[in-house]
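To keep things clear, I will list the structure first and then write my remarks on it.
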Amino acid sequence: MNNWEIAKVFDEIADLLDILGENPYKSRAYRRAAHKIGNAYLDVEQLSREGRLLEIPGIGSALEKKVEELINTGELDYLIQLRKKAPASLRRLLLIPGIGIKTLQLIYQRLGITDLEGLEAAAREKRLRRLPGIGVKTEQAILHGLQNHAFLRRRMLLHHAFAFAGEIEDYLKNKAAGPAAIQAAGSLRRGKETVGDLDFVAAADNPAPLAQAFKEAPFVKEVVAAGEAKVTIMTKWGFQADLLIVQPQLFASALQHFTGSKEHNVALRRIARERGFKVSEHGIGSADQTTAPSTEEELYRQLGMAYIPPELREDRGEIEAAQSGALPDLLEAAEIKGDLHIHSEWSDGANTLQELAAAAQERGYQYLAVTDHSRSLHIARGLTEERVRQQREEIDRLNEGFTNFRLLAGIEVDILPDGSLDFDDQLLAEMDIVIASVHSGFKQDEKTLTKRVVNALRNRHVDIIGHPTGRLLGRREPYAIDVGLLLEVAAETDTALEVNASPDRLDLNDEYIRQGRELGVRFAVNTDSHDLHYLDDVFYGVLQARRGWAEREDIVNTLPLNELDDWLSDR
DNA sequence: GCCGTTTTCGGCCCGACTGTTTTCAGTCG
């Protein structure tokens, strides 16, 4: 049973405890444990075997026993008992905006409603408004929420989120009563691979005109909530946006608060409380006074820890690391020296080799690996052996004209369904760099797929595994593959795993990157560009790598050309 | 149910906004 499955069980228990009106701190304990387990980069099943479960903060002796029962039997008697006491379908009602635990208890106990259909019927029949504490507005809000509820749960890809955020920021900055400062916060700032809604923090001496401008913006579909300091809108694009407006001296505190994550902030406040003061968007306060840190660095320092970059703020151990001086020195975009996975018009790319080389040089890259598809990928006009050699000749010719830059003659060779590679070793040995990727047989079982990729990892000519899990965010699940094993073999063979920077892949994900670097795996942050404009996507790959705690040394394409050559030839 | 730099018992993150009331509980992030 993996971390995610265990976390799901604890989350369900937490919801059921809430529904049954148990001690709210008990459900909070389950929810906290679920978060810790779901976000642990170490395998909980293995920790359990090693008797180290109690090392996870929030796991005590009772939860330790429950984790062990889950791992040993695949189920949990405690959950089975809880399910007998409350219908499981009730949990879904909590997804509706405006329905919390108290309202849920009320409609369950007084009206016997247990599912979405029952709730909708009761709202339409105007039965909700007769309950104490619920009026006409709440009833209408629930109906409204029911209609939008599927819609609201969709998350944006990161590049879409950045585009929308840019548009909203530009609008607010250009208002006559423009803010002294404005910045996008939330999961966007943390570089999360998908974003649910957008959060903005603005500094202004006079908040009212800015709040008004936000409410009247052309992209507003509806104003969800509006106070003096905070405005929430539903955009016509289908997601919510929050604006928090503070006095300029509180900007750093507000930015930290609104960047989250929620779990990170909760953990920070726990620590502050233990030290006898409290932290909020209004600064850091003790019993008699409140101070406003002028920067986030200052804020973290006052809490007794090193500055934590936004990408790490998930309560996945970054606070402990910041307290003990063990935070990683995160990869910077400027440290990327070249792209090792791009396509040209020789296969399914849009640009000539000259165009690509010029674009790479403009970016200040030292190298660019041309890695077109291999022959079996007909749909992408995969290259035959003959075409590969012709392309090699052109690359050699072009390289004669470059100074301080080189095109690498590479190939993205298919890992075929039978586990072999699309080209024989002789041709692969001729290439400067070889990426091996799965483009077919996605439906094979885990054992078969894992074996295919492990074979490729063990081929001495293969330098990088491309998009290792094959997922397309929001469109295609990862194929069934034992990533833990891939990480082990990659570490052993010093084969790099790709952090594919395309915002609809971002493959590997942050947790695997973190797990891998603990094992000594190296990664390549590549764009897989099919058009030179997508070379910019490296930005998203760097964010993802940073979320995986990656440092410069973990990434092969931070190496200058001569050292990259050494790595490519040493293997 | 967890946990300890005043605690092994008695706490458990913080504040904005809304709706229903008439001073505040519930929800949300």
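A quick note: this is a predicted structure, and the numbers were derived from the prediction, not measured.
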Between CG of A:L95 and C1' of B:dG29 the distance, given in whole Å, is 16 Å
Could A:R505 and A:D537 be called an ion pair, given the rule that one side-chain N must be under 4.0 Å from one carboxylate O?
-> no
P gap between B:dA16 and B:dT21, integer Å = 24 Å
Rounded P spacing from B:dC2 to B:dT6 in Å = 24 Å
Assigned glycosidic conformation for B:dT7 [threshold 90° from 0] | syn
Mind checking whether A:F200 and A:F214 have parallel, tilted or perpendicular rings, split at 30° and 60°?
-> perpendicular
Check the distance between B:dG29's P and A:K192's NZ and give it to me in whole angstrom.
-> 13 Å
Just checking A:L244: base, sugar-phosphate only, or nothing, at a heavy-atom cut-off of under 4.0 Å?
-> nothing
Here the distance between atom C1' of B:dG29 and atom CG of A:D315, to the nearest Å, is 16 Å
With the side chain of A:A62 defined as its heavy atoms from C-beta on, choose the nearest nucleotide among B:dC2, B:dG15, B:dT27.
-> B:dC2
Same-atom distance (P) from B:dG10 to B:dG15, integer angstrom = 26 Å
Nearest-nucleotide 5' precedence on DNA chain B, A:L104 against A:V266 | A:V266
Figure out the CZ/P separation between A:F200 and B:dA16, and round it to whole Å.
-> 21 Å
Which part of the nucleic acid, if any, lies within contact of A:T232, taking any heavy atom under 4.0 Å across all strands shown: a base, the sugar-phosphate backbone alone, or nothing?
-> nothing
For B:dC14, does OP1 or OP2 lie under 4.0 Å from any side-chain N or O of A:R273?
-> yes
Starting from the C-alpha separation in whole Å, work towards a yes-or-no answer on side-chain hydrogen bond (donor to acceptor under 3.5 Å, both in side chains) for A:D507 and A:Q544.
-> CA-CA 9 Å; A:D507 180 13; A:Q544 181 86 334; over 6 Å; no
Rounded distance in Å - CD1 (A:I101) to P (B:dG26) | 11 Å
Counting any heavy atom closer than 4.0 Å, what does A:A272 reach on the DNA or RNA strands: base, sugar-phosphate only, or nothing?
-> nothing
Separation of B:dC14 atom C1' from A:R275 atom CZ, nearest Å, is 19 Å
Which whole number of Å gives the distance between the P atom of B:dC3 and that of B:dT8?
-> 16 Å
Report yes if a side-chain nitrogen or oxygen of A:K66 is closer than 4.0 Å to either non-bridging phosphate oxygen (OP1 or OP2) of B:dG1; otherwise report no.
-> yes
So what does A:P57 touch, heavy atoms closer than 4.0 Å: a base, only the sugar-phosphate, or nothing?
-> sugar-phosphate
Touch class at under 4.0 angstrom, heavy-atom based, for A:L268 against every strand present | nothing
Of the nucleotides B:dG19, B:dC2, B:dC14, which has the atom closest to the A:A29 side chain?
-> B:dC2
For A:V136, which contact category applies under a 4.0 Å heavy-atom criterion: base, sugar-phosphate, or nothing?
-> sugar-phosphate
A:T103 has its side chain closest, among B:dT18, B:dG26, B:dC12, to B:dG26
State whether the distance check finds a donor on one side and an acceptor on the other, under 3.5 Å, for side chain A:N23 versus base B:dG1.
-> yes
Would you mind reading off the distance between A:I56 atom CD1 and B:dG1 atom C1', rounded to a whole angstrom?
-> 15 Å
Between A:F164 and A:F239, does the ring centre distance come in under 6.0 Å?
-> yes
A:H282 side chain N/O closer than 4.0 Å to the phosphate oxygens (OP1, OP2) of B:dA16?
-> yes
Roughly how far apart, to the nearest Å, are B:dT5 and B:dG1 at atom P?
-> 23 Å
Taking 4.0 angstrom as the limit, do A:D15 and A:R31 come out as a salt bridge?
-> yes
When you check the phosphate oxygens OP1 and OP2 of B:dT20, does a side-chain N or O of A:T138 lie under 4.0 Å from one of them?
-> yes
The nucleotide from B:dC12, B:dC2, B:dC28 with an atom nearest the side chain of A:P97 is B:dC28
Closest nucleotide among B:dA16, B:dG1, B:dC14 to the A:K26 side chain | B:dG1
Look at atom CD of A:E228 and say whether more than 12 heavy atoms of other residues, nucleotides or ligands are closer to it than 6.0 Å.
-> no
Give the rounded distance in Å between these two atoms: CZ of A:R32 and C1' of B:dG11.
-> 14 Å
Pairing nucleotide - B:dC14, Watson-Crick or G-U, each distance under 3.5 Å | B:dG29
Would you classify A:Y30 as touching base, sugar-phosphate or nothing, given that sugar-phosphate means primed atoms plus P, OP1 and OP2, and contacts are heavy atoms under 4.0 Å?
-> sugar-phosphate
Calculate, to the nearest 0.5 Å, the distance between atoms CD1 and CG belonging to A:I107 and A:L119 respectively.
-> 4.5 Å
Between B:dA25 and B:dT20, how far apart are the C1' atoms? Round to whole Å, please.
-> 9 Å
C1' atom, B:dT23 versus B:dG19: distance in rounded Å?
-> 13 Å
Does the side-chain hydrogen bond (donor to acceptor under 3.5 Å, both in side chains) test come out yes or no for A:Q515 and A:E511, once each step is laid out?
-> CA-CA 6 Å; A:Q515 209 175 315; A:E511 288 178 27; over 6 Å; no
First of A:K137 and A:S280 reached from the 5' end of DNA chain B, by closest nucleotide = A:S280
